Amino acid sequence: MERLPPLPLKKSLEIAFQSIRVRFFRSLVTTTSLVLAVAFLSYTQTWNDLANSLFLSHNQAAIQKLIQTGFDINENTQAIGESPKQQWLMTLALLVCVVGIINAQLMAVTERFREIGTMKCLGALDRVVLLLFVLEAGMQGLAGSLAGAFLGSIAGLLQSFFTFGSLIWSTFPVVELLQTASQAVAIGCLLSLIGVLYPALQAARMQPVVAMRMEQ
Amino acid sequence: MEHAIVRTTDVTKSFQLGDHTLEVLKGISLTISTGRYISIMGPSGSGKSTLFNMIGGLDKPTSGKVFIDEVDVAQLDAYELAWLRCRKIGYIFQTFNLIPVMTALENVTLPMTFAGTGSDEANERGMELLKQVGLDQRYHHKPSELSGGQQQRVAVARALANTPAIILADEPTGNLDLTTGEEIITLLKQMSIERGVTVISATHDFKMLNVSDEVIWIRDGRIDKIEQRDELNISVGTIDEK
C-alpha cells in the first residue's frame with residue numbers, strides 16, 4: 001500500500017492564510033484579546049524602561065520628578081523594575097488572554113467539524129489538520145502581537161512624555177525599548193500557540209465519519 | 001469472474017450504548033464488482049449508513065473483514081488509510097460539504113494537492129472536471145454563491161479528482177429538489193459509464209433505482225435481498241401499483 005507525500009509547507013500556508021482572510025471578522029475577534037494583553041504588557045514595560053533610564057541618568061531634576069510621580073526611590077534603589085502589583089496584573093492579563101484564545105479556538109473547531117471531517121475524507125492526515133490550525137494561530141498571533149506591541153509602546157511613550165516632558169529624550173533607551181517590544185511580540189506568539197494546542201489536537205483527532213453527519 | 005472492488009465477509013458492528021450493546025450490523029457478506037452502479041437501500045435505522053461507512057473505510061467492523069481492492073482495511077495504518085481515501089475513493093455527501101472558504105476550482109483541486117499533484121497540473125485537471133460537470137464558467141465562485149445542485153456538481157467533480165476506483169455517495173440527492181436530484185443521478189451514471197468507476201450510493205430515493213445495476217436492500221442489520229437490474233423493473237412496477 002502506498003502513502004501520500006507530505007503536504008508542501010507553502011500550500012499549507014496558503015490554505016491557512018485563506019482561511020483567516022475569508023473569516024476576517026471572526027479572526028479579528030479572536031485576535032483582539034491578544035492585542036489587548038500584549039498592548040498592556042508592552043505599555044507597562046515601556047513606561048518602566050523610560051523611568052529606569054531617567055533614574056540611571058542620575059539627573060536630580062529627573063529623580064525628583066520620578067518620586068513625585070509615585071516611584072518608590074531611596075538610596076538603596078539600584079534600578080526601577082516592575083512592581084509586584086504590575087507583575088500580578090500582567091500575569092493575570094496574559095492568563096485571561098490564553099483562556100480567551102482557547103475558548104475562541106474551541107468554538108472554531110466545533111464550527112468547522114464538517115470541514116475538518118471532509119478534509120480527512122479527502123486524504124488529510126491528522127498532522128495536516130494540526131498544522132493548519134497551528135499555522136492559522138501562528139499568523140493570528142504574529143499579527144496580533146505586532147499590533148499590540150506597537151500600540152502599547154506608543155501609549156507608554158505618550159504617557160511618559162506627558163509625565164516627564166522632554167526629559168525622556170535626553171536618555172531615550174532605544175535598545176531597551178526595542179527589546180521590550182520584541183519580547184512582547186514573542187510572548188504574544190507563544191500565547192497564541194499555547195491557546196491553539198488543545199483545540200488543534202481535538203480537530204486532528206476528529207474522525208472523518210463526522211463529515212457524514214446530517215445535523216448542522 | 002469480474003474483479004471485486006469491495007468485498008465484505010460476515011461484517012458485524014455493535015455500538016455500546018450505556019449498559020447494553022446495540023448490534024447494528026448482524027453479519028453482512030457481499031461482493032461488489034468493478035464498474036457497477038450500486039444502490040444500498042433501506043429504512044433509516046436499518047444499518048445502511050453504518051455499512052456504507054465500512055465500505056468507505058471510514059469505520060472499522062467489530063468482527064468480520066472489509067476488503068477494498070483486495071486490501072483488508074483493518075490492517076492499514078493511518079497513512080495508508082489516508083492514501084486509500086485520497087486516491088481510491090471519492091466521497092459525495094448529502095450536505096455537499098464543500099470547503100466554504102475555497103472557490104469551486106480550489107475545492108476540486110484540494111484532493112489533488114493532498115495527493116501531491118503540482119499546482120499547474122491540478123488547476124488544468126480541475127478545470128477539465130468542472131467543464132465535465134458543466135460549471136467551468138463558475139470556477140471562481142465560492143460554495144455560498146452556488147445553488148444546491150451546482151454545489152453537488154462541484155462535489156462530483158471533487159470526488160473524481162484523483163480518478164478513484166470507487167465513488168461513495170451518501171444520499172446524494174437528499175437535499176435537492178426532484179429535477180436537480182435527477183440531474184445529479186444522471187451525472188453520476190454518466191461518469192460511471194464513461195470512466196468505469198464503481199458508484200456506491202446509500203439512498204432511499206427511488207429515482208436511483210432506474211440507473212442502478214444492482215440494489216442491495218438492508219433491513220434490520222442484514223441483507224434483505226440483492227436485486228440485479230433485470231429483476232428490478234418488476235419490483236419498481238409493484239411499488240408503483242401500491
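Quick note on labels: first sequence line is chain A, next is B, and so on, each numbered from 1. Remember, it's a predicted structure, so these values are computed and weren't measured experimentally.
- Residues B:Val101 and A:Arg21 form no side-chain contact, since every pair of their non-hydrogen atoms from C-beta on lies 4.5 Å or further apart.
- Contact count versus chain A (heavy atoms, under 4.5 Å) is highest, among B:Asp77, B:Asp69, B:Ile89, for B:Asp77.
- B:Arg87 contributes atom CZ, which lies 7.5 Å from atom CG of A:Leu4 (distance to the nearest 0.5 angstrom).
- Of all heavy-atom pairs between A:Lys120 and B:Arg85, the closest is O-CD, 3.7 Å.
- Looking at A:Arg23, only its side chain comes within 4.5 Å of chain B, counting heavy atoms on both sides.
- For chain A, the nearby parts of B:Tyr79 are the backbone and the side chain; heavy atoms of each come within less than 4.5 Å.
- For B:Leu76, the part lying near chain A is the side chain, with the backbone staying farther off; criterion is any non-hydrogen pair under 4.5 Å.
- B:Phe114 CZ to A:Lys11 NZ: the interatomic distance, rounded to the nearest 0.5 Å, is 10.5 Å.
- Note that CD of A:Glu2 and NZ of B:Lys88 are 8.5 Å apart. Values are rounded to the nearest 0.5 Å.
- Taking B:Leu110, B:Asn97, B:Thr113, B:Leu58 one by one and counting their heavy-atom pairs under 4.5 Å with chain A, the maximum is reached by B:Asn97.
- Between atom CG of residue B:Leu81 and atom CG of residue A:Leu125 there is a gap of 10.0 Å, rounded to the nearest 0.5 Å.
- Counted within 6.0 Å of OH on B:Tyr139, heavy atoms from surrounding residues, nucleotides or ligands total 12 or fewer; the atom is thus considered open.
- Interface check for chain A: of the options B:Ala82, B:Gly174, B:Gly57, the most heavy-atom pairs under 4.5 Å are formed by B:Ala82.
- More than 12 heavy-atom neighbours from other residues, nucleotides or ligands sit within 6.0 angstrom of CG on B:Asp177.
- The CZ atom of B:Arg158 sits 4.5 Å away from the CG atom of A:Leu122 when rounded to the nearest 0.5 Å.
- Counting heavy atoms of neighbouring residues, nucleotides and ligands inside a 6.0 Å radius, atom CZ of A:Arg127 does not exceed 12 of them.
- In this structure, CD on B:Glu106 lies 4.0 Å from CD on A:Gln18, to the nearest 0.5 angstrom.
- Listed here is the closest heavy atom pair of A:Pro5 and B:Gly116: CG-CA, 3.7 Å.
- No more than 12 heavy atoms of other residues, nucleotides or ligands lie within 6.0 Å of NE2 in B:His204, so this atom counts as exposed by the packing criterion.
- Side-chain contact check for B:Tyr91 versus A:Pro208: every heavy-atom pair is 4.5 Å or farther apart.
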